[in-house]
**Student:** 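Right, I'll just put the structure down here and ask away after.
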Amino acid sequence: MTHTSEDHPTWALAAHGGAGAIVRGDLTPEQEAAYRTAMAAAAEAGAAVLRSGGSAMDAVEASIHLLEDDPLFNAGRGAAFTAEGRNELDASIMDGATLAAGAVAGVTTTRHPISAARAVIEGSSHVMLGGEGADAFARSLGLEQVDPGYFFTERRWRSLEKGLARLGLPIPPRPASAPEAPSARAALVHEEGKHGTVGVVARDIHGNVAAGTSTGGALAKRWGRVGDSPIIGAGTYASNQAGAVSCTGAGEYFIRLGVAHEICALVRHRGLSLQDAVDQVVQRDLTALGGEGGVIAVGPDGRLAWSFNTTGMYRARIADGRPLEVGVYKDEP
Ligand code: ASP
């Protein structure tokens with residue numbers, strides 16, 4: 001049998017923008033169109049890098065920049081608030097060619113947490129930096145810093161107020177630097193902003209894979225809570241021997257299962273196809289543990305896979321010789 005580029009694309013990329021209770025009829029047509037357009041734009045941005053021979057790491061970073069800047073997603077601008085009314089951002093990135101990995105947790109002033117995560121690889125001998133130190137590190141390398149009010153969106157603030165009321169917790173004062181007028185785009189955020197972690201996986205024409213994930217974390221999180229997104233092996237993993245994976249969902253479950261690494265281990269040691277591996281971990285293991293969420297993955301052969309046990313996941317995929325596909329609900333391919 002001959003293999004066309006469709007069987008084994010030379011480059012491939014998938015992106016997610018969060019998984020959760022995303023049901024047909026819940027989103028207004030304007031909201032749905034906004035999410036679809038944003039996912040398409042992010043996938044195209046990464047595809048442009050890959051098409052021109054750029055690296056999987058560069059493609060992942062370029063796609064995630066768009067998603068971090070878009071208030072629709074719970075990452076960068078538009079991040080969910082902590083119970084104290086702050087935005088504490090987590091991100092990680094991993095290079096499947098070298099197993100180099102970088103992560104930041106709880107950054108509050110770095111505009112692009114995914115770039116801070118990448119800088120950890122290139123500018124330090126560490127894998128993970130946290131809190132003020134991570135921002136100071138990013139600042140020292142010249143990464144763009146913003147006032148914490150940059151991340152504020154009215155819609156996420158309202159989600160926080162509702163979330164805290166449900167938990168019986170006090171509502172903190174509005175951040176002093178919050179903008180006065182709500183932005184029209186941020187008003188399109190779905191479901192009072194519960195979802196929206198973003199992630200991208202890519203395979204470049206040189207045969208290397210990479211994965212990255214960026215999030216504001218769980219709504220109304222407290223005590224410096226950190227989810228799976230910045231944890232290498234849980235929310236993000238990449239190895240040229242197995243593939244690249246980015247996760248979204250209830251982080252505590254993804255950490256317990258080491259979801260991203262577990263998928264790669266099933267491919268590497270049990271010989272499962274990538275699709276079987278993502279389905280096994282998400283549909284069987286994650287579901288059995290009571291966790292909800294989804295994953296995207298790309299294999300070293302450029303094959304793409306995704307799986308989620310929620311009613312929807314914002315997602316897009318594109319590969320050499322294949323058209324861009326964008327999905328929101330479960331019943332789409
Ligand atoms: N996984 C993220 C976290 O637990 C949240 C999400 O993906 O919705 O922080």
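In listed order, ligands and their atoms are each counted from 1. This one's a predicted model, so the numbers in the text were calculated from it and none came from an experiment.
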**Student:** Counting each atom of ligand 1 from 1 as listed, which ones have a heavy atom of Gly217 under 4.0 Å away?
**Tutor:** 9 (O)
**Student:** Tell me: protein heavy atom nearest atom 2 (C) of ligand 1, and distance?
**Tutor:** Gly249 O, 3.4 Å
**Student:** Hey, is Glu262 close enough to Arg256 for a salt bridge, meaning N to O under 4.0 Å?
**Tutor:** no
**Student:** Does Ser229 reach ligand 1, in the sense of a heavy atom lying below 4.0 Å from it?
**Tutor:** yes
**Student:** Looking only at non-hydrogen atoms, which of Ile231, Leu219, Asp228 approaches atom 1 (N) of ligand 1 most closely?
**Tutor:** Asp228
**Student:** Quick check on the 6.0 Å ring-centre criterion: do Phe81 and Phe152 meet it?
**Tutor:** yes
**Student:** Between His16 and ligand 1, which part of the residue brings a heavy atom under 4.0 Å of the ligand: side chain, backbone, both or neither?
**Tutor:** neither
**Student:** Do you know which two heavy atoms are closest between Tyr329 and Arg24, and how far apart they sit?
**Tutor:** CE2-N, 3.3 Å
**Student:** Taking distance alone, with N or O pairs closer than 3.5 Å, would you say Gly251 contacts ligand 1?
**Tutor:** yes
**Student:** Are any of the N or O atoms of Arg225 closer than 3.5 Å to those of ligand 1?
**Tutor:** yes
**Student:** Among all protein heavy atoms in this structure, tell me which lies nearest to atom 6 (C) of ligand 1, with the distance rounded to 0.1 Å.
**Tutor:** Thr197 OG1, 2.8 Å
**Student:** Can you label the angle between the His112 ring and the His65 ring as parallel, tilted or perpendicular, going by 30° and 60°?
**Tutor:** parallel
**Student:** With atoms numbered from 1 as shown, which atoms in ligand 1 lie under 4.0 angstrom from a non-hydrogen atom of Thr248?
**Tutor:** 6 (C), 7 (O), 8 (O)
**Student:** A quick test of your reading: do over 12 heavy atoms of other residues, nucleotides or ligands sit less than 6.0 Å from CZ of Arg86?
**Tutor:** no
**Student:** Within a reach of under 6.0 Å around CD of Glu132, are more than 12 heavy atoms found that belong to other residues, nucleotides or ligands?
**Tutor:** no
**Student:** Could you tell me whether Glu161 and Arg174 make a salt bridge, using a distance below 4.0 angstrom between a side-chain N and a carboxylate O?
**Tutor:** no
